[in-house]
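As structure tokens, the structure follows; a few thoughts come after it.
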Amino acid sequence: MSSLLLGLNEPQLAAVTLPRQHALILAGAGSGKTRVLTTRIAWLIATNQMTPQQVLAVTFTNKAAKEMLARLTAMLPINARGMWIGTFHGLCNRLLRAHHRDAGLPQLFQILDSADQLSAIKRLLKSLNVDDEKYPPRELQHFINAQKEQGLRPSAVEAWDGYTKKRVELYDAYEAQCNKEGVVDFAELLLRSYELLARNEALRRHYQERFRHILVDEFQDTNVLQYKWLKLLAGQEGCLFCVGDDDQSIYAFRGAEVGNMRDFEREFKVKNVIRLEQNYRSHGNILDAANAIIKHNEHRLGKNLWTEAGAGEPIRVFEAYSDLDEARWIVEEIRALARDGHARSEIALLYRSNAQSRVLEHALFSAGLPYRVYGGLRFFERQEIKHALAYLRLIANPDDDTSFARVVNFPTRGIGARSIEQLQDAARAAGSSLFAAAMQAGGKAAGFTTLIAKMKEVAHLPLPELVDHVIELSGLRTHYQAEKEGQDRLANLDELVNAAASFVAEEGVAGAEGELSADLIAFLAHAALEAGEHQAGEGDDALQLMTTHSAKGLEFNIVFLSGLEEGLFPHENSLVEPKGLEEERRLMYVAVTRARQRLYLSHAQTRMLHGQTRYNLPSRFIEEVPAGLIKWLTPKMAKPGGVPPRLTSVQEQRASHAPRAADGGWRIGQGVRHARFGEGVIVNLEGGGADARAQINFGGAGMKWLALSVAKLEAA
DNA sequence: CTGAGAATGATTTTT
DNA sequence: TCATTCTCAG
């Protein structure tokens, strides 16, 4: 048992062996957070303070849950099955399946992913004849989810204006539709299980007594409802162990509420706030840079990372003339690194927004450097997979109109838009599902229901065989065989059969002797809750490209952080949002702390964005890195009052390619200084002589048109 | 129903 | 710029 605790540092040890009290662990980047979490569970079990059945550990991603489980089973010889370790959504699903009756759900309820939810909303608007220009489906989807994440049902939403009143009405209608169809969306999983426990005292007692220790990962990412859910489960006796880092809170835009950390500390009178500040990942200079950046934020719980590793290399900063130039430089640098024996997979290219990857990808592709982009379409989100799943869902639940609408005419079987509208009218009139209406309708529509019935006949087969039959019977296989570009899709469909097989092997329920296999239901939930691995070249030694958001939780020997420009990072939209800049800075902090050994920061003077050339100032975040930590790879931009940089011959060439000079010698792209607005870059010139005007991007101070004869501009 | 051309609009994202 | 969505002719 003591071997469990071997090698823990002092605060880690303190956290792991805390007595039965609420605790808040402020775990800095790279401070061994997951280790503390898993060792805490192992220690509680090993010291008989708790049985595996009494654990409740919550994460946000399936990856994190899996990792926790893997580490735990490596530490202790225990059966993982009885433990409740999973994502909020996964655990809620488990709860609702077990108590579907009490929760008011059909046994075989289906889960809508975001895309399904959106199409359900579109269908709703159409059926209610609501103008979708006035109530854009996406906006409505966001509105509904936001209410649910606050724990608000339609009756509880306060609506003052007509617009919101209407949206609440639509929210109500959406709920009715979901209930009728026997489907729940992601937020509903949470809200439904929260209400289940809140209303059903016996059930609540049962789980409160069972889960004596509740552990939460990435607590800073919890939303209002998730926190309420945790509080409800903890009750009076339960003990909450929350691990998080307020400095890494980067998901406010999707409802994460950092304030939960402070609230937790206050509401639970947490005596044990433990800070994990020793970092085991990065060299000193990188941590110093990260600490210096995040210090500019005001609202923090406070934390400072340190390391026993040496200072390491300086932060390298590169100023490119253009985005293309920046990409070319990155390619050259990577080639040099590869010559020095660095593995490509240990090099990450990070950027603020997805659009920035294109230029990088192009350069890497031309250079023949293998790379992998994170964050594309995932396996279960692919069109052909969603089609196959829709058939499977109809077998389980014919009332699922979303699935019905998706595949009733795919592959095409002569049921056009008009027929579907007729079905919808009939269904509405009869208060029935589309499936039921189709059975009544006769003709081709009824033929489709016969097809589903035929599939149902083989539903008792082992899951992989069932999936294979469905792909065949649906005509999907034939359809994609006939399609020119269908080969990949066919391969994916085969992969779906494999996925079903390995799902059964790993988590199969089996044994269920019914007309429907329990495996099918579990597999469908699995497909909805776990979008599957990102496809493509995982095995080979490829460069890692991703957004700064996706990089959270990962680490690399070498990190390139590109596009560090005002307007891009920090993103211009963030500057008008309430706490926007601070969130951007936390994102910067996350990005910087991904690097173990070497960190490159780069920005470009000009960049193509939305088909237009933009002239951006270097990001303020570069300036927030102490000058002493930086090694400039290009002459540093002149500071106000400083001496203009001497140009290298390469830069002189570039300067001569620069956009045309206008009256008075001003040119586009030139840095200037204004008494009131500060530093800026000329992005446009108009007119001549006395009328000459310049459009200047002053970054934080905004974009201005200034008359050159009036404004006193200095070259910066 | 399909496919071509126009219109649109474009942080960040897991479940 | 460019990917997605929409519209309309065939």
Side-chain angles (χ1 to χ4, degrees), chain A residues 58-65 86-94 111-118 122 132-133 136-138 141-142 145 148-149 184-191 193 217-218 221-223 225-226 249-256 323-324 350-359 361-362 374-378 380-381 409-420 483 525-532 534 546-553 563 565 567-577 580 583-584 586-588 590-591 607-614:
Chain A
V58 204
T59 63
F60 275 87
T61 65
N62 293 296
K63 198 177 157 200
T87 63
F88 277 102
H89 295 84
L91 296 173
C92 286
N93 177 51
R94 197 163 166 179
I111 300 169
L112 299 183
D113 67 18
S114 314
D116 296 333
Q117 185 188 29
L118 185 62
K122 283 182 182 163
D132 59 3
E133 303 257 294
R138 284 191 173 284
Q141 178 182 30
H142 186 258
N145 290 338
K148 290 192 182 188
E149 282 163 8
V184 299
D185 57 49
F186 287 138
E188 185 71 22
L189 285 170
L190 258 303
L191 184 51
S193 60
D217 187 22
E218 306 275 20
D221 286 339
T222 50
N223 62 34
L225 179 57
Q226 285 160 339
S249 163
I250 56 172
Y251 286 113
F253 71 91
R254 64 174 200 216
D323 47 353
L324 286 169
L350 309 185
Y351 35 81
R352 171 70 240 261
S353 62
N354 287 305
Q356 288 167 252
S357 78
R358 180 166 297 115
V359 189
E361 286 187 68
H362 184 79
Y374 279 65
L377 250 200
R378 282 163 331 151
F380 288 114
E381 291 167 354
N409 197 36
F410 193 96
T412 46
R413 39 178 78 91
I415 306 174
R418 213 161 45 87
S419 328
I420 293 175
E483 208 170 64
H526 168 82
L529 293 176
E530 212 167 319
H534 296 274
M546 66 194 81
T547 63
T548 42
H549 280 90
S550 323
K552 187 169 164 229
E565 293 140 40
L568 255 185
F569 197 2
H571 195 278
E572 51 200 355
N573 295 359
S574 75
L575 301 177
V576 297
E577 286 161 13
E583 176 135 326
E584 292 290 298
R586 290 192 292 268
L587 189 53
M588 178 71 185
V590 167
R607 178 177 300 274
M608 201 61 138
L609 195 67
H610 306 328
Q612 276 180 327
T613 308
R614 307 225 323 193

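Numbered from 1 within each chain, the chains take letters A, B, ... in sequence-line order.
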Could you go over nucleotides 2-6 of chain B and give all protein N or O partners under 3.5 Å, atom names and distances?
none

Quiz item: NA contact type, F88(A), heavy-atom cut-off 4.0 Å: base, sugar-phosphate, or nothing?
Solution: nothing
Practice problem: Flag as yes if H549(A) stacks onto the base of dT12(B) (centroids under 5.5 Å, planes under 30°), otherwise no. | Solution: no
Exercise. Could you tell me whether L112(A) contacts a base, only the sugar-phosphate backbone, or nothing, with contacts defined as non-hydrogen atoms closer than 4.0 Å?
Key: nothing
Quiz item: Does N354(A) put a side-chain nitrogen or oxygen below 4.0 Å from OP1 or OP2 of dT11(B)?
Solution: no
Quiz item: In terms of side-chain heavy atoms, does N145(A) have a donor or acceptor partner in Q117(A) at a distance below 3.5 Å?
Solution: yes
Quiz item: Is the distance from OP1 or OP2 of dT13(B) to the nearest side-chain N or O of S114(A) less than 4.0 Å?
Solution: no
Exercise. Ignoring backbone atoms, test whether T87(A) places a side-chain nitrogen or oxygen under 4.0 Å from the OP1 or OP2 oxygen of dT14(B).
Key: no
Self-check item: Distance test, side-chain N/O of R378(A) to OP1/OP2 of dT13(B), below 4.0 Å
Solution: no
Exercise. Take nucleotides 2-10 of chain C nucleotide by nucleotide from the 5' end and write B, S or -, depending on whether a protein heavy atom sits under 4.0 Å from the base, only from the sugar-phosphate, or from neither.
Key: SS-------
Exercise. Remember a base hit wins even if backbone is also touched, and classify F60(A) as base, sugar-phosphate or nothing at under 4.0 Å, heavy atoms.
Key: sugar-phosphate
Quiz item: Base, sugar-phosphate, or nothing for E577(A), non-hydrogen atoms under 4.0 angstrom?
Solution: base
